[in-house]
Amino acid sequence: MATHSVLLFFRSVLITSHISQQNSTRSVSARSLGQRTQAGHTNRWQLPGALGSDLLGQAQVQRAEEFGNKSSDTKNNSADPTALHWHETATSCPHSPLPRLVHPLSASRRARLCKDVTWSSKLDTPEERFDVLSRRVAHNSKPDAVLECLGVRWKLHCSVLISSDTLFELYTNSKRQQDVELQERAVIGKDSRVSSSACERGLVYRKWLLRGPLTLRLPVKDDSINKEALSFALRTLYDPEERPDEWGEAVLSTAALLGMSNLFQKCLIEMLAHISSSTVCSFHQVSCKFKETFLQRACERWLELFLVTELSFHIKLKDLPFDLMLKTLRCPRLFASNEYEVLRAVLYWLYLKLNPLRETLPAHSTIIHFFSRETAVFLEQPQGQKYITIFQALRMHGITEWQHLQELQNIRVLPESWLLSILSNHYLTLHSGGDMDVTDFSKQAVRFGMMFDREQECCIQTISLCGFYFLLQAAKLGDSDTYNFSIERLRHWDPAVSQSSIASRPYCMRPDRSVCYHITVQSFANGKWQEHSSGPVNQEFGLCRRRSRSKPFQIEGLFPPILVTFALAFPF
């Protein structure tokens, strides 16, 4: 009896100790859970032990983890990204008895699924971009056809196929072929008198065929068509407002392949509006490929205006084909500030043709050194024979500055007979009082150009030609859209002539000089470049004020930018 009392006593003591220990543990856990720590870089606070029902806290932890993954030098202290499931012991607080929930996906997969709904086109593949758009527009309805093209299965719906002649024809032919096969199977089953159960199975099979999407196969032989262009073209079937990353050959070729005439015309319009140094060569190539003469002419017109002033300073100059370069140089409307600038553009183009792997435009000194280091004359070599017509199209008799003539002699490009002819003509012209042997004014006149921008009220340029000085003028009349263009002869001591020009250039004492000039004005208006020409004008220029100025060439309705070309020649 006494032993039993002792056991009861010890049991009550143990129970009391255990209860007090539990109360102590709970108080410690409560104190631990009551403490709050900062979560990541969001300036938010959370309990050390994550609760399974705390969805907001878990979302904050996840965002902090993703931010930490992007910042290599910053770490997140609020979560353990290595945990893959519920883990009762791996918690942020060792005293917390509650489990912690960590996303069961990898960091890359988690970042993928947690992207914003407005996904970026640079992160998704062309197939995914099409799939997301088509599902959204079609409200996740089942596709009616599957297009197998470029190694991708594109799911399409009947409602959009009518906008593509090629896809509509493929779908119609496949549907007709499917109907024929079903009819043939029905006839075979009827003649063989199969059992009713077999007939029922065949009927179910035929219904399944009718409900399943048709497979359309479209082979692609054009190398310019890629997945991105095909994805864009198919997306326009669902949303006509879609725009590609770049309008060009890939989109135009894809539109032609799919028989999408509206997209084809829209692409042409966009290409016409975006002709520039980086696109003119590729657009001209595409226009020749599809025989689009309107786009072809627009590219050639752009080259006439900006070959020397813009394209010659761009690496895409190397893509300009030989025939197009020759055609542009022979055009009388070619715009350039002087004839030397045309030669410079040709030298750059030739250098890039001889060094096709170069990705940046070289300095002018590099060009001169490249053509000066050879001992043999380039145009006399087998590889240079085909470029003779290019240099024959230049008006090198219009290069009169002594430093430019010296450069012509240093580069080993022109044959010595050409150089001798150029220098001899200069010598004879100077000694004959400026008389030039002009047989074709449109090809032999020396050109000087100026650009009149939006901010200018007046633009003047002083030129020297064969010992004669002229002032080229372009002026706006008040606030109107009317402009005057004129030429004025200067004396060699005129303040408009710089002292350096007087010291380095010859001056002719001849009081009268017969001049044939031609003023060409080109401006952009009504969506296209317009040309205004004075035509060849012959005038005797004297030194007195009454005879020293040409009759003003006045044009109304001009809007900047305005490109003005003065072509001059001194006939006998």
Hey, are H518 and S534 close enough side-chain-wise for a donor-acceptor pair under 3.5 Å? no

Find out whether V515 and N538 are in side-chain contact, i.e. whether some heavy atom of one side chain is under 4.5 Å from a heavy atom of the other. no

Exactly one of L263, L234, I225 clears side chain to side chain contact (heavy atoms under 4.5 Å, CB included) with L258, and that residue is L234

Check whether the ring centres of Y348 and F313 lie less than 6.0 Å apart, and answer yes or no. no

D512 bridged to R547 by N-O distance under 4.0 Å: yes

Looking at residues at least two apart in the chain, or sitting in another chain, which of them share a ring-ring contact (aromatic ring centres under 6.0 Å, His included) with F470? F541

Do the side chains of K316 and E310 get close enough for a salt bridge, i.e. N-O under 4.0 angstrom? no

Is there a ring-ring contact (aromatic ring centres under 6.0 Å, His included) between F448 and F566 once you walk through the steps? CA-CA 5 Å; F448 301 91; F566 297 85; 8.8 Å; no

What pairs of residues pass the ring-ring contact (aromatic ring centres under 6.0 Å, His included) test when at least one of them lies in residues 270-299, not counting sequence neighbours? F264-F290

Within the 6.0 Å centroid threshold, strictly below: F452 and Y483: yes

Salt bridge (charged side-chain N to carboxylate O under 4.0 Å, His left out) partners of residues 429-438, not counting sequence neighbours, each pair once: D435-R510, D435-R513

What's the shortest heavy-atom distance between L419 and Q409, and which atoms? CD1-CA, 4.2 Å

Any luck finding a side-chain donor-acceptor pair between R301 and Q522 under 3.5 Å? yes

By salt bridge (Lys or Arg N to Asp or Glu O under 4.0 Å), which residues pair with E457, not counting sequence neighbours? none

Distance in Å, S480 OG paired with L558 CG, rounded so as to fall on 0.5 Å steps: 10.0 Å

Would you find a donor on one side and an acceptor on the other, under 3.5 Å apart, between the side chain of T482 and the backbone of E556? no

Can we say E359 and K318 salt-bridge, meaning some charged N sits less than 4.0 Å from an Asp/Glu carboxylate O? yes

Taking NZ, NE, NH1 and NH2 as the nitrogens, is one of them in D131 or R235 under 4.0 Å from a carboxylate oxygen of the other? no

Check the pair S253, S224 against side-chain hydrogen bond (donor to acceptor under 3.5 Å, both in side chains), reporting the backbone distance first and the verdict last. CA-CA 7 Å; S253 300; S224 64; 3.1 Å; yes

Looking only at side chains, do Q444 and T439 share a donor and an acceptor under 3.5 Å apart? yes

Taking only Lys NZ, Arg NE, NH1 and NH2, and the carboxylate oxygens of Asp or Glu, determine whether E270 and R243 approach each other closer than 4.0 Å. yes

Counting C-beta onward and ignoring hydrogens, is there a side-chain heavy-atom pair between D245 and E228 closer than 4.5 Å? yes

Would you say the side-chain atoms of S550 and S486 include a donor-acceptor pair closer than 3.5 Å? no

Separation between OG (S277) and CG (D319), nearest 0.5 Å, reads 12.0 Å

Is it true that S164 and T166 share a donor-acceptor pair across their side chains at a distance under 3.5 Å? no

Gap between atom OG of S514 and atom CZ of F570 - 0.5 Å precision: 9.5 Å

Tell me every residue that passes salt bridge (Lys or Arg N to Asp or Glu O under 4.0 Å) with E531, counting only those two or more places apart in sequence or in another chain. R333

Do R373's NZ or CZ and the ring of F371 fall within the cation-pi criteria of under 6.0 Å and 45°? no

With F391 via ring-ring contact (aromatic ring centres under 6.0 Å, His included) - residues at least two apart: none

Measure the spacing between NE2 of H431 and SG of C508 and express it to the nearest 0.5 Å. 11.0 Å

Does the pair E374/R412 count as a salt bridge with the N-to-O cut at 4.0 Å? no

N338 CG to E401 CD distance, which is reported to the nearest 0.5 Å: 8.0 Å

